[in-house]
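Read through the structure below, which is laid out as structure tokens, and then see the notes.
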Amino acid sequence: MKFNFNASPNLRQAQSTKRIMLELMIGLLVVFAFSLVYYNNAWGMDYAMQAVKLMVVSLVVALVTESAWAFFTKKENKFDLTYLKNYLSGSFGWITAIILTLMCKIDITPYALGVSTFFAIFFAKLLFGGFGNNIFNPAAVGRAIVFATFMGATTDVVTSATPTTMIASEFNWLVIKPEMITEMMEKLGGFKDLFIGWYPGAIGETSALIILLVGVVLAIRKVIDWRVPTIYLGSIFVLTAAIALMRGVGSYNGLPGFIWYPLLHVLTGGVVFGAIFMLTDPVTSPTSAQGRCIFALGAAIITVLIRVKANLPEGCLYSILMMNMLTPMIEKALEGKQLVLRKKASIIFGVVAVVGLGATLLAGSVVEAKEPAPQVFVSTKDADVDKFKAEVTEQFVNSDGSTTYRVKAQGYASIQKPDVYNEFEIIVKDKKIVSLTPTKVNDTEYVGDRILAEDFTKQFKDADLTKDVQVEVNDVVTGATFSTKSAVRLVKEVQNVMGN
């Protein structure tokens, strides 16, 4: 009997998985390089080296964790350098480490990032069977652990609040009156800085320009599906534009509210980074093009809802994790021949869009628009200021005749831990303050730590220490008031030392 065999018309993919992950890594490193340039130029070499240190720690933890897993799960007791090299080259743990590092603020401690990296690799990836089998995006899980466990784990590296935390805490994600819009945008530095990324934030999430350029290249190279970031970013724009129209958000620099307000949502936080590097993860998102479109739309809706209604400054991360959970359901709904299911997928997409728009408008309708806060001042004559302990720990005369005082004082964090102090460096010349610089602030993130902001510390410049010194509280919030009094107590202690 004679058998004849004919080759099937198989579809061949020009790029291998390793090639795709290599190009993705290069794109991520381009984003990281921009962050190094920013921190070196804006804050100094120590900040750039802090970013490098964090990246190294995360990479080492990821590789050590995967190496240990490879050893304990080796097949046929075979374990050598060749086996380890082949395992690591096909596991791509370093990609998770790079993405996680870029999602964290530069003031996170190496210890906190290392622990989060271990959880991301071990619990969110390896326990599910390794690369290709994980349900959740490992880097997103690691960042969620940082949010839940290590919010207070920061180094002495001091940076101001990120745009999303400032918008959420000070402006409640909704400003309508022109004077409030102008105030908010001045604090953010305008759209130019937001687009370029010339501001402190998560290490790799600030520059929308660089990330989008990398995204275009990756899309052309077919490393990522261009539909996912397009639908995600476009949906966020449309949903927030609808909120702006419904609530009557005013114009800014000639741009109507339904233009500048959604642009603000798109350009802040991890939205653009998440769109390019997180949502496009082929392992934790649907396999079909229709499914990925629904996936991106759902993530956009959840992102906006979390931002305007939840007690979180940023919604991108949790929207990704939530949609990761829904991926199997989307896959199940779109099983079968793709050509037949196009109509069904279109119906599902339309229903999700309508429901999402309705939910977003409902949430937007009950958001309390931020009103100008009443002015509240704290002075060195206030009796409450004396309730805080303070001490000049060091003082010395500079070459220009000025005197530097290093001072510490209790703050909001001292309510529960009396031995925890806020520390500042105050330079005085001719009995006037030249500068007041925070060196270590332990007060509540997003609330008490607003005394780190330049718009607060600059109030002390040129203050006459022979007289009462008075400054405005950043916000009428208990934590912010306590922290402001802490800063004023520092100044009063310098006055005491000077004999004024």
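Computed from heavy atoms alone, side chains included, the values below leave out hydrogens, waters and symmetry copies.
One N or O on the side chain of Lys344 and one on the backbone of Ala333 form a donor-acceptor pair closer than 3.5 Å. At least one donor-acceptor pair under 3.5 Å links the side chain of Ser58 to the backbone N or O of Ala97. In this structure, Asn172 contributes its side chain and Leu174 its backbone to no donor-acceptor pair below 3.5 Å. At distances below 3.5 Å, not a single donor-acceptor pair connects side-chain atoms of Glu423 with backbone N or O atoms of Val441. Not a single donor-acceptor pair under 3.5 Å links the side chain of Gln290 to the backbone N or O of Leu334. In this structure, Thr230 contributes its side chain and Arg227 its backbone to no donor-acceptor pair below 3.5 Å. Side chain of Ser251 to backbone of Gly254: no donor-acceptor contact under 3.5 angstrom is found. Checked by atom type and distance alone, the side chain of Arg292 pairs as donor or acceptor with a backbone atom of Thr287 at under 3.5 Å. Of the possible polar contacts, one joining the Tyr199 side chain to the Thr206 backbone as a donor-acceptor pair under 3.5 Å is found. Judged by distance alone, with hydrogens and angles left aside, the side-chain atoms of Thr240 form a donor-acceptor pair with the main-chain N or O of Phe237 at under 3.5 Å.
In this structure, the side chains of Ile330 and Met323 come closer than 4.5 Å at one or more pairs of heavy atoms. Under the 4.5 Å side-chain criterion, counting only non-hydrogen atoms from C-beta, Phe119 is not in contact with Val141. Proximity of Leu24 to Thr280: side-chain heavy atoms (C-beta onward) are nowhere separated by under 4.5 Å. Between Thr484 and Gln459, the closest side-chain pair of non-hydrogen atoms is not below 4.5 Å. Within the 4.5 Å cutoff, the side chain of Met325 has no heavy atoms near those of the Ile135 side chain. Under the 4.5 Å side-chain criterion, counting only non-hydrogen atoms from C-beta, Phe147 is in contact with Leu317. Val352 has its side chain within reach of Ile301: a pair of non-hydrogen atoms, C-beta onward, lies under 4.5 Å apart. Looking at heavy atoms from C-beta onward, Val355 lies in side-chain contact with Val351 at the 4.5 angstrom threshold.
In terms of heavy-atom proximity, Leu54 sits nearest to Ile203 at CD1-CD1, 3.9 Å. Taking each heavy atom of Pro229 and Ala275 in turn, the nearest pair found is CB-O, 3.6 Å. In plain terms, the two heavy atoms of Phe128 and Asn134 that are nearest each other are CB-CA, 3.7 Å. Heavy-atom minimum distance, Ala168 versus Trp173: CB-NE1, 3.5 Å. Nearest heavy atoms, Ile108 versus Leu113: CD1-N, 4.0 Å. The minimum heavy-atom distance between Pro438 and Thr457, with the atom names listed, is CD-CG2, 4.1 Å.
The OG1 atom of Thr182 lies 9.5 Å from the CE atom of Met184; values are rounded to the nearest 0.5 Å. Rounded to the nearest 0.5 angstrom, Leu100 CG and Ile95 CD1 are separated by 13.0 Å. In this structure, OG on Ser91 lies 9.5 Å from CG on Leu63, to the nearest 0.5 angstrom. Here Ile231 contributes atom CD1 and Asp225 contributes atom CG; the two are 8.0 Å apart, rounded to the nearest 0.5 Å. Within the model, atoms CE of Met49 and CE of Met45 stand 7.5 Å from one another, a figure rounded to the nearest 0.5 Å. Note that CG of Leu22 and OG of Ser89 are 12.0 Å apart. Values are rounded to the nearest 0.5 Å.
Using cut-offs of 30° and 60° on the angle between ring planes, the pair Trp198 and Phe34 is perpendicular. Using cut-offs of 30° and 60° for the angle between ring planes, the Trp94 and Phe92 rings count as perpendicular. Ring planes of Tyr47 and Trp43: tilted class, angle from 30 to 60°.
Each of Val30, Leu29, Val223 was scored for a side-chain contact (heavy atoms from CB on, under 4.5 Å) with Val214, with one residue passing: Val30.
Remark: aromatic rings of Phe118 and Phe122 are close, center separation under 6.0 Å.
Within a 6.0 Å radius of CE in Met246, other residues, nucleotides and ligands contribute more than 12 heavy atoms. By the neighbour-count criterion of 12 heavy atoms within 6.0 Å, atom OH of Tyr111 is sparsely surrounded, having that number or fewer from other residues, nucleotides or ligands.
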Full working for side chain to side chain contact (heavy atoms under 4.5 Å, CB included) between His265 and Val271: CA-CA 8 Å; His265 276 271; Val271 166; over 6 Å; no
CA sep, side-chain torsions, deciding dist, call: Ile276, Ile224, side chain to side chain contact (heavy atoms under 4.5 Å, CB included): CA-CA 8 Å; Ile276 301 299; Ile224 64 173; 4.2 Å; yes
Intermediate values then yes/no, side chain to side chain contact (heavy atoms under 4.5 Å, CB included), Leu239 and Ile243: CA-CA 7 Å; Leu239 292 171; Ile243 293 176; 5.9 Å; no
Verdict with supporting geometry, Phe277 and Glu205, side chain to side chain contact (heavy atoms under 4.5 Å, CB included): CA-CA 10 Å; Phe277 296 113; Glu205 293 181 352; over 6 Å; no
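For the 3.5 Å distance criterion, the side chains of Thr327 and Asn324 fail to qualify, holding no donor opposite an acceptor. Inspection of the Tyr232 and Thr303 side chains reveals an N or O donor paired with an N or O acceptor under 3.5 Å. A donor-acceptor pair shorter than 3.5 Å cannot be found between the side chains of Glu425 and Thr437.
The ring-ring contact (aromatic ring centres under 6.0 Å, His included) test applied to Phe295 returns no partner, not counting sequence neighbours. Residues meeting the side chain to side chain contact (heavy atoms under 4.5 Å, CB included) test with Leu245, sequence neighbours left out: Phe258.
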